[in-house]
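Start at 1 with the first residue, then count along the sequence.
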Amino acid sequence: MSGTRDEVILEFDGPAGYLEFPGYDVLDALVKLRASLEKDGWLLAVQGARLNAHASGMMRDMADGKRVYLMTGNRGPYPAADTLAPADPDQVGTLEEQARHVRAILDASLPSSRDDES
């Protein structure tokens, strides 16, 4: 087994017309689509664009980017959702906002460092 997989092509017909975005998995293609739409001020209301959506490397490998975790302030396990399933527009953000939000959740879940006695 080579470990390679076919390229994914995400097709989108919307405000910018018909677009195709290739990726090594669904989430990679979605990130490219979102980046293109964000240039024109558009957000995509799918689960993979939620501020708290994140896919670990293992999740991406197992599901080909078709699933994301919906992270909370609590430690996992986190519920998973289909990457391209519809989402409430109030729960999505830009790629940058999403990265900041997920980073804040991950940072908050780490044990705090203490200055223990040496």
Side-chain angles (χ1 to χ4, degrees):
M1 184 175 214
S2 68
T4 62
R5 58 182 130 174
D6 292 332
E7 179 179 71
V8 171
I9 298 178
L10 190 59
E11 299 174 329
F12 180 79
D13 193 5
Y18 177 80
L19 306 168
E20 288 184 356
F21 293 89
Y24 61 86
D25 67 14
V26 171
L27 193 56
D28 182 51
L30 177 61
V31 167
K32 293 172 183 174
L33 168 60
R34 290 176 60 200
S36 176
L37 293 174
E38 286 176 18
K39 290 177 188 174
D40 294 322
W42 292 93
L43 298 178
L44 198 59
V46 296
Q47 296 295 316
R50 286 179 53 168
L51 289 173
N52 65 332
H54 175 70
S56 67
M58 183 182 292
M59 168 73 93
R60 288 180 81 158
D61 286 345
M62 291 175 39
D64 294 329
K66 296 176 187 171
R67 305 274 292 161
V68 291
Y69 291 117
L70 300 177
M71 302 175 70
T72 62
N74 303 322
R75 286 185 176 245
Y78 301 113
D82 292 337
T83 301
L84 298 178
D88 184 333
D90 292 336
Q91 296 177 332
V92 302
T94 65
L95 289 164
E96 184 179 329
E97 290 168 338
Q98 183 182 45
R100 278 196 315 263
H101 190 83
V102 168
R103 174 56 44 208
I105 292 171
L106 291 172
D107 288 348
S109 70
L110 295 173
S112 59
S113 60
R114 296 181 199 157
D115 294 332
D116 293 329
E117 298 172 7
S118 300

For this session: Work out which heavy atom in R50 is nearest to a heavy atom in A87; give both atom names and the distance.
Result: CG-CB, 4.0 Å
Exercise. Do T83 and L30 come close enough that some side-chain heavy atom pair is under 4.5 Å?
Worked result: yes
Exercise. Under a 4.5 Å side-chain heavy-atom rule over Ile, Leu, Val, Met, Phe, Trp and Tyr, are Y24 and V8 clustered together?
Worked result: no
Seminar exercise, completed: Output for pair (L19 CG, I9 CD1), nearest 0.5 Å, gives 13.0 Å
For this session: Could you grab the distance from atom CG of L43 to atom CD of E97, nearest 0.5 Å is fine?
Result: 7.0 Å
For this session: Indicate the atoms forming the closest heavy-atom contact of L44 with A49, along with that distance.
Result: O-CB, 3.2 Å
For this session: Say whether V46 and L33 are linked into one hydrophobic cluster, either directly or through other cluster members, by side-chain heavy-atom distances under 4.5 angstrom.
Result: yes
For this session: Report the C-alpha distance between V68 and L27 in whole Å, list the side-chain angles of each, state the deciding distance to 0.1 Å, and finish with yes or no for side chain to side chain contact (heavy atoms under 4.5 Å, CB included).
Result: CA-CA 9 Å; V68 291; L27 193 56; 4.2 Å; yes
Exercise. When H54 is tested against each of Q98, M59, H101, M71 for side chain to side chain contact (heavy atoms under 4.5 Å, CB included), which residue passes?
Worked result: M71
For this session: For the residue pair N52 and Y78, establish whether any side-chain heavy-atom pair is separated by less than 4.5 Å.
Result: no
For this session: Identify the heavy atoms of E38 and T94 that sit nearest to each other, and give their distance.
Result: OE2-CA, 3.2 Å
For this session: State, to 0.1 Å, how close P22 and D28 come at their nearest heavy-atom pair, and which atoms those are.
Result: O-OD2, 4.3 Å
Problem set entry | Heavy-atom closest contact (V92 atom, A45 atom, distance) | CG1-CA, 4.0 Å
Exercise. Are F12 and W42 connected in a single hydrophobic cluster, I mean Ile/Leu/Val/Met/Phe/Trp/Tyr linked by side-chain heavy atoms less than 4.5 Å apart?
Worked result: yes
For this session: Mark yes or no for whether D64, through its side chain, and K66, through its backbone, hold a donor-acceptor pair below 3.5 Å.
Result: no
Seminar exercise, completed: Of all heavy-atom pairs linking R67 and A80, the shortest is NH2-CB, 3.4 Å
Exercise. More than 12 non-hydrogen atoms from neighbouring residues, nucleotides or ligands closer than 6.0 Å to CZ on F21, yes or no?
Worked result: yes
Exercise. Should L106 and Y69 be regarded as members of a common hydrophobic cluster, given that ILVMFWY residues are connected when their side-chain heavy atoms come within less than 4.5 Å of each other, either directly or indirectly?
Worked result: yes
Problem set entry | Test salt bridge (charged side-chain N to carboxylate O under 4.0 Å, His left out) applied to E96 - qualifying residues, sequence neighbours left out | R100
Exercise. What distance do L84 atom CG and Q47 atom CD have between them, rounded to the nearest 0.5 Å?
Worked result: 10.0 Å
